[in-house]
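Contents: one structure, followed by commentary.
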Amino acid sequence: SYNFDGECFRRAVRDTIGDVSFRSDWGEYPQVTDEGILQEVYSDNALKFTGSGEVRAKFGQFVVEHLSCEPSSCVEVPGARVLMKLLQKDPNLHVGIATGGWRHTASAKLDHVKIEYEDLPFFSSDDGINRIDIMELCRESMGCSPSETIYVGDGKWDMHATKTLGSELINLYLIQCLET
């Protein structure tokens, strides 16, 4: 969803607060989360941050519309659904979701690819602007130590966060590259 997600986010921001500029790469923002990027966009454009409510709602609307109109633009990483089911069935493992996206858009994408998450701890940009803090909230809710935790991610920000936390990372981007 990376490609359309960014476009929906930019549209939601511009539709809500006007013709603002964005940095050329999401990784240039100190907090690579929906809430963190939005706050930086306000700052970069010398605007007073008035809250994320309107942008958040508009972004959710655009994501849902996009998924409806272009369903093939958001597909499961091969094997992700099966992996999630297997992990959730293992009584020796704790599984949770920690995302830099807002919960409603992350849920829409998970629903779209039919990955079950309803019974899992779920932390998002609604819970904080800092990805590391979001990941920590999720880990702590499951009662695991950093060394017992393996995160699954696909961004350079995920690699940075797991190194900072002292945890391991399964990089989905590298797995996708190896499969193609």
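Asp127 has no carboxylate O lying under 4.0 Å from a charged side-chain N of Arg103, or vice versa, which leaves the two without a salt bridge.
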Show your reasoning for whether side chain to side chain contact (heavy atoms under 4.5 Å, CB included) applies to Tyr117 and Ser107.
-> CA-CA 8 Å; Tyr117 61 92; Ser107 295; 3.2 Å; yes

Walk me through it: do Thr149 and Leu165 pass the test side chain to side chain contact (heavy atoms under 4.5 Å, CB included)?
-> CA-CA 9 Å; Thr149 305; Leu165 292 168; over 6 Å; no

Give the intermediate values and the outcome of side chain to side chain contact (heavy atoms under 4.5 Å, CB included) for residues His160 and Trp157.
-> CA-CA 5 Å; His160 169 73; Trp157 38 84; 5.5 Å; no

Evaluate the criterion side chain to side chain contact (heavy atoms under 4.5 Å, CB included) for residue pair Arg56 and Leu38; output intermediate values, then yes/no.
-> CA-CA 9 Å; Arg56 186 182 179 284; Leu38 180 60; over 6 Å; no

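Smallest separation of non-hydrogen atoms from Ser52 and Glu35: OG-OE1, 2.9 Å. Considering all non-hydrogen atoms of both residues, Lys156 and Gly27 come closest at CE-CA, 4.1 Å.
Side-chain atoms of Ile134 and Thr33, non-hydrogen and from C-beta on, do get closer than 4.5 Å to each other. For the pair Phe122/Thr99, a side-chain contact is recorded, criterion being any heavy-atom separation below 4.5 Å from C-beta on.
Although no hydrogens or angles enter the test, the distance criterion places no donor-acceptor pair under 3.5 Å between the side chain of Glu70 and the main chain of Phe4. Looking only at distances, a side-chain donor or acceptor of Ser167 sits under 3.5 Å from a matching main-chain atom of Pro146. No side-chain donor-acceptor contact under 3.5 Å links Asp158 to the backbone of Val152.
Within a 6.0 Å radius of NE2 in His104, more than 12 heavy atoms belonging to other residues, nucleotides or ligands are found. Within 6.0 Å of CD on Glu140 lie more than 12 heavy atoms contributed by other residues, nucleotides or ligands. With a 6.0 Å radius and a threshold of 12 heavy atoms from other residues, nucleotides or ligands, Glu54 has its CD atom at or below the threshold. When the shell of 6.0 Å around CG of Asp119 is examined, it contains 12 or fewer heavy atoms from other residues, nucleotides or ligands.
Taking the six-membered ring where the residue is Trp, Phe59 and Phe9 present perpendicular rings, their angle passing 60° and hence far from 30°.
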